[in-house]
Amino acid sequence: MSSTCKIRRKALTGLLSAAKLDALVITHPANWYYLTGFTGEAGVLIVSPGAAALVTDGRFTTQVRKETSSVRLIEQKGSLLDSTGRFLRQKGIRRAGFDPAQTSVAQLSLLRKAAGARTKWIAAPGLVGTLRARKEPSELARMRQAAILAGDVLTSAINLLKPGVMENEVAAEIEYQMRRGGASGPAFETIVAFGDRSALPHARPTAKRLRKNELVVLDLGAILAHYCSDITRTVYVGRAPARVKEWYRAVLEAQTAAIAAVKAGVSCGDVDAAARQVLAGYKLDRLFTHSTGHGLGLEVHEDPRVARGQKARLEPGWVITIEPGVYMAGVGGIRIEDDVAVHAGNTEVLTRIPRDLIEL
Ligand SMILES: [Mn+2]
């Protein structure tokens with residue numbers, strides 16, 4: 001990990017010089033984990049050409065020593081941001097970059113005050129995000145494992161779908177199985193939605209009990225060795241009526257088309273359009289109310305966005321979700337989601353369980 005982190009910091013240094021920054025002040029835990037291996041939840045990482053310093057408090061000093069190498073540990077005195085600002089002042093940092101999506105207005109104002117007037121603060125969005133989008137082989141290996149675990153847990157959850165079971169019970173079992181499988185926890189709040197609740201794309205599990213002849217949407221992900229997975233399947237409890245079958249076929253076809261469109265060099269907007277176009281052919285595009293997918297890695301939502309008009313072009317090493325859906329208020333919803341890795345010459349679907357409609 002430590003040599004990997006050093007290489008990543010070196011790559012970041014290249015981006016810093018291009019942006020004419022003396023240092024980047026990183027307040028986002030996933031980013032400092034990526035760059036140093038530090039897993040604590042409080043701190044600030046400062047990366048400058050050839051050097052990295054982590055400011056944190058006494059709870060985490062042992063952890064920093066254990067988890068990082070070639071990173072200077074600064075134990076904070078007073079508040080975290082005061083200590084950070086003072087450090088920048090001592091180092092004579094003139095141009096300090098920060099990510100405006102990750103550093104709050106209040107944090108920035110404290111940093112500004114502590115660093116003093118000689119330090120200029122420059123918004124530098126997405127520098128670490130750009131690096132994180134391109135997964136290394138060791139990251140892809142972890143993501144495969146996380147995806148397989150999610151598929152296994154989803155498969156076993158389908159066996160629990162008997163009339164009378166509560167959404168809450170199924171969600172609890174899913175998260176228990178994840179942990180049993182080695183996950184540190186769910187990557188997001190597990191979605192278990194029965195019947196008309198499945199028409200809510202982000203339904204929270206409730207005490208609702210499953211009845212016959214209902215759609216069920218299960219959307220779950222595990223964090224395994226720090227990397228996230230994200231998978232959705234839709235099941236019908238009973239024999240699906242013809243219109244449900246047709247909706248399902250449309251969503252599956254849309255998803256298949258979007259996965260087929262995934263290729264290095266293709267824009268994220270074009271992948272989104274591939275799904276939307278199929279649904280338009282079924283006159284269901286109006287009911288597809290969210291984007292087609294998102295980047296996946298240390299966080300469940302990260303760069304890139306796979307949405308309408310997104311110009312970013314897929315690169316080898318990127319991992320994205322493909323998750324079209326249709327939602328009929330008062331009736332139910334259907335969504336199918338898989339995790340896809342982009343390689344130079346091919347596309348790899350990391351989540352491997354079957355995608356056909358399951359009728360229980
Ligand atoms: Mn997702």
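Remember, it's 1-based here, ligands and their atoms both numbered in the order they're listed. Side-chain atoms are counted along with the backbone in the values below, which use heavy atoms only and exclude waters and symmetry mates.
Considering Thr289, Ile334, Leu287 as possible partners of Tyr327, the one that fulfils the side-chain contact (heavy atoms from CB on, under 4.5 Å) test is Thr289. When the options Arg86, Gln76, Lys77 are evaluated for a side-chain contact (heavy atoms from CB on, under 4.5 Å) with Val55, the one that passes is Gln76. When the options Asp338, Thr155, Asp356 are evaluated for a side chain to side chain donor-acceptor pair (under 3.5 Å) with Arg233, the one that passes is Asp338.
Between the Mn ion (ligand 1) and His294 there is an N/O/S contact shorter than 2.8 Å. The nearest N, O or S atom of Asp219 is not closer to the Mn ion (ligand 1) than 2.8 Å.
Of all N/O/S atoms in Glu323, OE2 sits nearest the Mn ion (ligand 1). The Mn ion (ligand 1) is closest to atom OD2 of Asp230 (considering only N, O or S atoms). When distances from the Mn ion (ligand 1) to the N, O or S atoms of Glu337 are compared, OE2 comes out shortest.
A cation-pi geometry, defined here as NZ or CZ lying under 6.0 Å from the six-membered ring centre and within 45° of its normal, does not hold between Arg211 and Phe194.
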Step-by-step salt bridge (Lys or Arg N to Asp or Glu O under 4.0 Å) determination, Glu139 to Arg132
CA-CA 10 Å; Glu139 294 182 287; Arg132 277 175 49 190; over 6 Å; no
